[in-house]
There are 2 protein chains.
Amino acid sequence: MEKEKLNTAKTITIYDIAKEAGVSASTVSRVLTGSASVRKEKKERIQKIIEKYNFKPNALAKGLSDTSTKTIGVIAADIRNPFYASLFVSCELAAEAAGYSVVLANSLGVKEREVNQLDYLMQQRVDAIIQIGGRVDDLVTDDSYAEKLRDICKTTPVVVTGKIDKAPVYSVSINQTKAMDIIMEHLIGLGHEKIAMVGGLMRVVSTYNKYNSYVENLKKHGIAVKGEYVINGNYDPVSGYEGTNKLLELSEQPTAIVAINDFAASGALRSIREHGLRVPEDISVVSFDNTYTADILSPKLTSIDYDYDHFGKMLVDTAIAVIKGQKTDDNQMVEPRLVFRESTGKAPD
Amino acid sequence: MEKEKLNTAKTITIYDIAKEAGVSASTVSRVLTGSASVRKEKKERIQKIIEKYNFKPNALAKGLSDTSTKTIGVIAADIRNPFYASLFVSCELAAEAAGYSVVLANSLGVKEREVNQLDYLMQQRVDAIIQIGGRVDDLVTDDSYAEKLRDICKTTPVVVTGKIDKAPVYSVSINQTKAMDIIMEHLIGLGHEKIAMVGGLMRVVSTYNKYNSYVENLKKHGIAVKGEYVINGNYDPVSGYEGTNKLLELSEQPTAIVAINDFAASGALRSIREHGLRVPEDISVVSFDNTYTADILSPKLTSIDYDYDHFGKMLVDTAIAVIKGQKTDDNQMVEPRLVFRESTGKAPD
DNA sequence: GGACTGTCTGAAACCGATTTCAAAATTAAT
DNA sequence: ATTAATTTTGAAATCGGTTTCAGACAGTCC
């Protein structure tokens, strides 16, 4: 198609509409927002012209005037990770349903970026900020970040997944303890006693909570806690792979592996296969997050799900409630459930 | 942490800074933007105050005044798909490097949403729009969408992946023909002649191009084109699974399967395994996109890669060039390359 | 018909930046 | 010391909406 010169065609404004309709801009604005009544015939005339030009009011001007942008900023650690992507999309849908839109800021796990993204969202005058994952989950939160967050909380509601007590934010967190309880009951119920945990970092709150629950569950069932059964990692496939390699070299191999997420589990699956063992006949694997990765792998993973739609809606509803000044719980919980698939089974004799 | 009432603390403006520094707002603005020189002592005084309050100018006011927001809107079909997510992130990084920021609009493949997202981005006064995937790829593009796009092109540069000739957009497209050439040469070089193609829809331009190249390559090598070796699908794991099931029921099973993307390939892998066959000893599988999925599966997938960083940078550079009124190629190509992994091998005898 | 009430409407101020324009303050030149 | 040339500076206009305020208009009631 031939490309005419990008002609910077004058964008049409509310004043243009007003002039053509023979009314004032105020009246057009009233029709647009429905904030006050306008004589029927005028209203229809104006609407016709709006329609004709497909006029859409400038969001910048509107936001400047309103001091509300009807926009929620979402900071995600890395949108390429399906866990964050799923949660982001359900936030987006929940926000839309409530008449808000959502702007994404990707921190990519870089501390400096995370601070910049906060600045960026504040400059954009978002009405609230939702942070999913990232720095807020870190036990050793950086001070400049916490300080910035504290500042922001003075003017803008902040809702985070996980928990942070260095700034007055609202939180919607996964009940990690319960999630691990469910997994351990599942595995122990299948006869497993040699249970390993692989792929996470203990300085991350969510992982730390899971670890504690892991230990508690073992104790409760009178099973000895073995240090060499817990292997740290970086939440990626390689971590799961290398961690599992180590586990399989132990004189007493575990019969079940709890991976910190589906990515780590994929690595575990690979390691097990390379050792000539079968899942779940020889070793069971279970993980957290139930992203689509769990469904793609062979065998399909048994994994902990959080009902992402509901999770996202809780985050958004909380943000909007605080925006509107309604009373809201400071700390809410998302309840996990187990999706049983092909990767777990009875412990070998 | 105790939650003080969200106190709507007056957000600080350029006027507040000006007053405290004993200068006019104009002067503060000049310091902020560096648009004109300011006496050194004053400048330092002002900077100190800006620093002290960590003042960041209101992006809405700035955009309104400038009529440029230094923002590029990106419409992606579904950010949960790792192909789009990777491309989005590299667009984001390229934009940042050029002093722009990026706002994501997720169409989720819903036609109506796609049109709304265009409106939304225009209301936000983005300086350009990049559309990755989605409606623009569709051969039977909807008219209301094309019309809107044509309208937008009058005022705002639009860059799309794929090609569309119903609106004067710029395009950066993958050389699909070349991509399929590479795959076919790879497979035929390994001795394969019974080659199937699975998982895509022929009304999608990119798939159609691949199909044509598939046929050409077979002909070139004097291999008969068999209709039953091409099975449509919806780009997801289930399509790959069911399509491969059909292929394996044929009296003459293929020895190689070209999946339309890594998702479809994951389904193919599952089907093959369930039929008691091995990859790549009995059947080779190769796919397009080289998302991380390719690296997670066992065996790891041989897949076509596009160098996402470069791809994203081309999209953004093109958008920015058009914004700046520089001359730019209407149609650019991204060259594919094969990443050889574990899922392809010599044809069985 | 006049007073009163309620509904519509436009002018003007405002949101918070940038930029133009002309005046004020410096500096350089003679 | 004057005048000319520069550099700095602030007032005011602008971007495109919303909202307040007060006046215009229409309808109701006596």
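First the proteins, then the strands, lettered A, B, ... as listed; each starts at 1.
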In whole angstroms, the gap separating C1' of D:dG17 from CD1 of A:Ile46 amounts to 15 Å

Give the residues of residues 65-73 of chain A touching DNA chain C, defined as any heavy atom closer than 4.0 Å, sorted by residue number. A:Ser65

When rounded to whole Å, the CZ to P distance for the pair A:Arg125 and D:dG16 reads 20 Å

Can we say A:Lys313 and A:Asp317 salt-bridge, meaning some charged N sits less than 4.0 Å from an Asp/Glu carboxylate O? yes

Point-to-point distance, once rounded to the nearest 0.5 Å, from CZ of B:Arg125 to CG of A:Leu60: 7.0 Å

B:Ile14 CD1 - C:dG16 P separation (whole Å): 11 Å

Sugar-phosphate, base or nothing in reach of B:Ser29, heavy atoms under 4.0 Å: base

Tell me the interatomic distance from A:Leu60, atom CG, to D:dT14, atom C1', rounded to whole angstroms. 15 Å

Hey, does B:Val316 have a side-chain heavy atom less than 4.5 Å from the side chain of B:Ile130? yes

Are B:Arg113 and A:Glu96 within salt-bridge range, i.e. N to O under 4.0 Å? yes

B/S/- contact track for nucleotides 5-12 of chain D, protein heavy atom under 4.0 Å: ---SBBBB

In whole Å, I'd like the distance from the CG atom of A:Asp127 to the C1' atom of C:dC15. 15 Å

